[in-house]
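Please read the structure below before turning to the comments.
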Protein chains: 2
Amino acid sequence: MNFQEISRQLRKNGHKVTPQRMAIIQTVLGSTELLTPSSIFEKVKKTDPGVGEVTVYRTLNILESLGMVCVVHTDEKTHSYISCPTEHHDHLICSDCGKVVNFTHCDLGTLEKRLTAESGFNINDHRLDFYGRCEKCDRKQCKAKTPAEIRTHRESCH
Amino acid sequence: MNFQEISRQLRKNGHKVTPQRMAIIQTVLGSTELLTPSSIFEKVKKTDPGVGEVTVYRTLNILESLGMVCVVHTDEKTHSYISCPTEHHDHLICSDCGKVVNFTHCDLGTLEKRLTAESGFNINDHRLDFYGRCEKCDRKQCKAKTPAEIRTHRESCH
DNA sequence: GAGCTAATTGACAATAAGTTTCATTTACTA
DNA sequence: TAGTAAATGAAACTTATTGTCAATTAGCTC
Ligand SMILES: [Zn+2]
Ligand SMILES: [Zn+2]
Ligand SMILES: [Zn+2]
Ligand SMILES: [Zn+2]
C-alpha cells in the first residue's frame, strides 16, 4: 500500500492525513516484523523526532479499526502489532526474530463442522497462530534466550 | 482433579499446600468459564475472605507452570485463564458467557506441512481458538453488548 | 489564497494490571 | 516439637495505556 492509497483510506473513514500519522503508518505497514507501540515509537523517532508516543497508540487504534494491522498476543506484557491484509488470514510467527507471515487459506471448514456437531457451538470466527523459526533463523540455530540476547539477535537479523 | 491429586502435584513440584492456595485452585479448576484474576479473587472471597489478591496472581502462575490452566487472550485488557488438560489442546470460546470447551484433536498436520513447504518455517507449536456461541447462549440469542450487560447476562447464565 | 472549524497533537496527569518488597506467619521435615 | 525455607497480605512500586486540555493544523468554504 502506497502513500496515495493510505491517504485515501484515511480520508474515506473520516481521519485527517497528518505527517505524524503517515510517518507511523509507513513504518508499521512497511515492516514484516512484530512491533510493539514502543518499538514503533523508537523507529519513527529516528526519522521524525517530533512524533509523540501517544500518537503511536492513537494511530495503531485507527489502523486496527481499518483492519490494516492486527494484534498478536505474545508472552510479553505489551501488545504486538503486525501489518496484515484486510481479508481473513492467520499467522506464522518466528519466535526468534519476530517475523510474521500472513496466510489466507486455513481450510478449517471440516474441523469447524466436526466441532459444531460435537459441542453444539455456533462458531463464527477463529484465530490460528503457528509458532516456529523462519528459514533464516532456523539456519542460524540462534541460541538467544534472555530478552537482551533476543533483542541483539533481532537487530543482527534485520 | 481432586484435593488429593492437586496436593500431590503441588508437593511434587516443590510447592506447599496452603488453604489459600487450595481455595483458589479449587475455584479455578472447578470452573469451565474464562476467569480473570480479579473475578477469581471475588469468587474466592465469598467463601474464604482471608485470601489476598496477590496470592491469586501467584497461584495462577503456579498453575500455569504446571500446565493446569492456560491464558486465553480476549479483547479485555486483563489476562483470562481457563482450566485445561496438560496435553495439547485448543479452545472453543463462547463470546456471550465465556464458557470454554477444550478439544484435543485439531488435526492440523496437513496444513502445517503445506505451510512449512510454502514458507520455509520450522513450525513447532500453534494456538487455535474458535469463537462463537455455546448451545445455551445460541438458543437465548443474547443481545448483551456493553460490559455491564454482558456481566449481568453471564451471571444469569451460570 | 484567507479564514473557519473540528480533528489532531504533545505534554502531563491519571488509571489500572501486575510485580516487588518486607515483616510476619505457616507448612513441611527431621 | 523445633528449625527453616516458603508463603502470605499489605503497601509501595512499575509500566502500559488512557484521559485531559490548550495549542496547532488539515481540509473545507469562500
Ligand atoms: Zn526469524
Ligand atoms: Zn483462518
Ligand atoms: Zn455461552
Ligand atoms: Zn492444536
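Worth saying up front: this structure is predicted, and the values here are computed from it rather than measured. Letters go in sequence order (proteins before strands), and every chain restarts at 1.
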Rounded at 0.5 Å granularity, tell me how far OG in S38(B) sits from NZ in K45(B). 9.0 Å
Nearest-0.5 Å distance that lies between atom CD1 in I40(B) and atom CG in L60(B): 4.5 Å
Between C1' on dG27(D) and CE on M22(A), what's the gap in Å once rounded to a whole number? 15 Å
At less than 4.0 Å, is any side-chain N or O atom of R21(B) found next to OP1 or OP2 of dA6(D)? Yes or no. no
Value in whole Å for how far the P atom of dA7(C) lies from CD1 of I62(A): 12 Å
Bend of the helix from dG1(C)-dC30(D) to dA30(C)-dT1(D) from end-axis comparison, five pairs per end, nearest 10°, comes to 40°
Between N or O atoms, less than 3.5 Å apart, protein on one side and nucleotides 19-26 of chain D on the other: list the pairs.
{"unit_1": "dA26(D)", "atom_1": "N3", "unit_2": "K16(A)", "atom_2": "NZ", "d": "3.1"}

Euclidean distance, atom CD1 of residue I40(B) to atom C1' of dG18(C) [Å, nearest integer]: 14 Å
If Ile, Leu, Val, Met, Phe, Trp and Tyr residues are connected whenever their side-chain heavy atoms lie under 4.5 Å apart, and connections chain through other members, are V28(A) and I82(A) in the same group? no
For the backbone of T27(A) and the side chain of S31(A), can you confirm whether one donor and one acceptor N or O come within less than 3.5 Å of each other? no
Figure out the CD/C1' separation between E64(A) and dT18(D), and round it to whole Å. 15 Å
Go through the steps for F103(B) and H91(B) under the test side-chain contact (heavy atoms from CB on, under 4.5 Å), then give the verdict. CA-CA 6 Å; F103(B) 65 95; H91(B) 307 118; 5.6 Å; no
Round to the nearest Å and state the distance from D75(A) atom CG to dG18(C) atom P. 14 Å
Indicate whether any N or O donor in one side chain lies under 3.5 Å from an N or O acceptor in the other, for H126(A) and H88(A). yes
For DNA chain D, determine which residues of residues 46-53 of chain B have any heavy atom closer than 4.0 angstrom to one of its atoms, and list them numerically. G50(B), V51(B), G52(B)
I need the CD-P distance between E76(A) and dT17(D), as an integer number of Å. 12 Å
Under 4.0 Å from OP1 or OP2 of dA17(C): is there any side-chain N or O of H79(B) that close? no
Taken to the nearest whole Å, CZ/F41(B) to C1'/dA16(C) is 15 Å
Carboxylate-amine/guanidinium contact R114(B) D107(A), below 4.0 Å: yes
Would you call K46(A)-E42(A) a salt bridge at under 4.0 Å N-O? no
Ion pair check, R127(B) and D129(A), cut-off under 4.0 Å: no
First encountered from the 5' end of DNA chain C, between Y57(B) and T59(A): T59(A)
Atom CD1 of I24(B) and atom P of dA7(D): how far apart are they, to the nearest Å? 13 Å
Less than 6.0 angstrom separating the ring centers of H73(B) and H79(A), yes or no? no
Does Q4(A) offer a backbone N or O that forms a donor-acceptor pair with the side chain of N2(A) under 3.5 Å? yes
Can you tell me how far the OG atom of S95(B) sits from the OH atom of Y131(B), to the nearest 0.5 Å? 9.5 Å
From the list dA16(D), dG18(C), dG9(D), which nucleotide is the closest neighbour of the side chain of T55(B)? dG9(D)
